[in-house]
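None of the values given here were measured: they were computed from a predicted structure.
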Amino acid sequence: MADSTDSKTVSIIHPAAEEYTRRTVNVDFLYLDNESCDRCMGTEDALEAALERIEPVLDSLDVSITVRDIHVSTLEAAEATQLAVSPTIRVNGRDIQPDYIENTCESCGDLCECEGDVDCRLWQYRGEEYSTAPVGLLVESLVQAIAPNGMQSSESRESQAYQLSSNVRDFFEGSESDEADCGCGC
């Protein structure tokens with residue numbers, strides 16, 4: 001099969017025969033701002049640390065991991081990716097913490113030249129709240145996905161119809177005005 005394609009929806013890869021049977025776990029890291037938002041940057045660092053921790057077991061389980069780094073920069077992109085809250089990490093298409101909460105993100109609020117607040121994800125893990133994804137939560141989520149029968153389905157927000165959160169909508173709609181380019185919706 002030819003390598004060249006002009007399609008954005010078709011990718012042609014040529015795995016080695018021994019790679020053909022290898023199972024691939026897909027990890028999506030979706031975020032609004034990984035250059036200024038402490039929560040997005042910290043979650044990205046935690047994901048890298050978690051991937052480093054589980055890497056030694058991937059070969060023995062005949063699993064590879066593909067990470068997609070997705071900067072969601074428009075309202076249309078938020079709707080297309082079904083981003084409900086930033087940052088989000090999905091493993092094999094499932095949010096690792098679908099029952100999310102949000103609170104004021106000071107670093108995103110600092111980007112704003114007004115009095116508006118910007119909310120970002122607040123992670124919950126073992127009875128505690130964290131502003132960035134805990135490495136332990138990420139390792140557990142990845143291990144569930146790479147182990148046989150991993151990522152069992154559970155009743156959660158994932159089983160509900162997608163709905164863009166008002167905070168994400170406000171983030172983008174606020175950035176469309178000529179005067180307020182901060183994205184906080186003020």
| query | Roughly how far apart are Ile101 CD1 and Cys120 SG, rounded to 0.5 Å? | reply | 13.0 Å
| For the student: nearest non-hydrogen atoms of Thr74 and Ala77, plus distance | OG1-N, 2.9 Å
| Do any pairs count as a salt bridge (Lys or Arg N to Asp or Glu O under 4.0 Å) and have a residue in residues 128-145, sequence neighbours left out, and if so which ones? | Arg126-Glu140
| said: Considering only residues two or more places apart or on different chains, which pairs with a residue in residues 44-63 satisfy ring-ring contact (aromatic ring centres under 6.0 Å, His included)? | reply: none
| query | Among the clusters formed by ILVMFWY side chains lying less than 4.5 Å apart, do Leu32 and Met41 turn up in the same one? | reply | no
| query | Linking I/L/V/M/F/W/Y whenever any side-chain heavy atoms sit under 4.5 Å apart, do Val27 and Leu61 land together? | reply | yes
| request: Keeping to residues at least two apart or across chains, list the ring-ring contact (aromatic ring centres under 6.0 Å, His included) pairs with something in residues 33-75. | output: Tyr31-His71
| message | So, taking the atom named OG1 in Thr88 and the one named CD1 in Ile70, what distance separates them when rounded to the nearest 0.5 Å? | response | 10.0 Å
| request: Applying side-chain contact (heavy atoms from CB on, under 4.5 Å), name anything that partners Thr24, two or more places apart in sequence or on another chain. | output: Asn26, Ser64, Thr66
| Atom pair CD/CD1 of Gln144 and Ile96 - distance to nearest 0.5 Å | 9.5 Å
| Listed partners of Ser86 passing side chain to side chain donor-acceptor pair (under 3.5 Å), at least two apart | none
| note | Trp123 and Thr132 have their tightest heavy-atom pair at CD1-C, 3.2 Å
| note | In terms of heavy-atom contacts, Phe29 and Cys40 come closest through CZ-O, 3.5 Å
| message | Quick check for you: to the nearest 0.5 Å, what is the distance between Leu142 atom CG and Asn92 atom CG? | response | 9.5 Å
Identify all side-chain donor-acceptor contacts of residues 42-59 below 3.5 Å with residues at least two apart in sequence or on another chain.
| unit_1 | atom_1 | unit_2 | atom_2 | d |
| --- | --- | --- | --- | --- |
| Thr43 | OG1 | Arg39 | O | 2.8 |
| Thr43 | OG1 | Ala133 | N | 3.2 |
| Glu44 | OE1 | Asn34 | ND2 | 3.3 |
| Asp59 | OD1 | Arg22 | NH1 | 3.4 |
| Asp59 | OD1 | Arg22 | NH2 | 2.9 |

| Contact summary for Tyr130 and Tyr125, nearest pair of heavy atoms | CE1-O, 3.6 Å
| said: Between Arg23 (side chain only) and Val63 (backbone N and O only), is there a donor and an acceptor less than 3.5 Å apart? | reply: no
| task | Using a strict 4.0 Å threshold on nitrogen-to-oxygen distance, state whether Asp95 and Arg90 make a salt bridge. | result | no
| remark: Between the OG1 atom in Thr81 and the CZ atom in Arg68, the distance rounded to the nearest 0.5 Å is 10.0 Å
| Can you name the closest pair of heavy atoms from Asp99 and Gln124 and give their distance? | O-OE1, 4.2 Å
| said: Taking the side chain as everything from C-beta on, heavy atoms only, tell me whether Leu83 gets closer than 4.5 Å to Val85. | reply: no
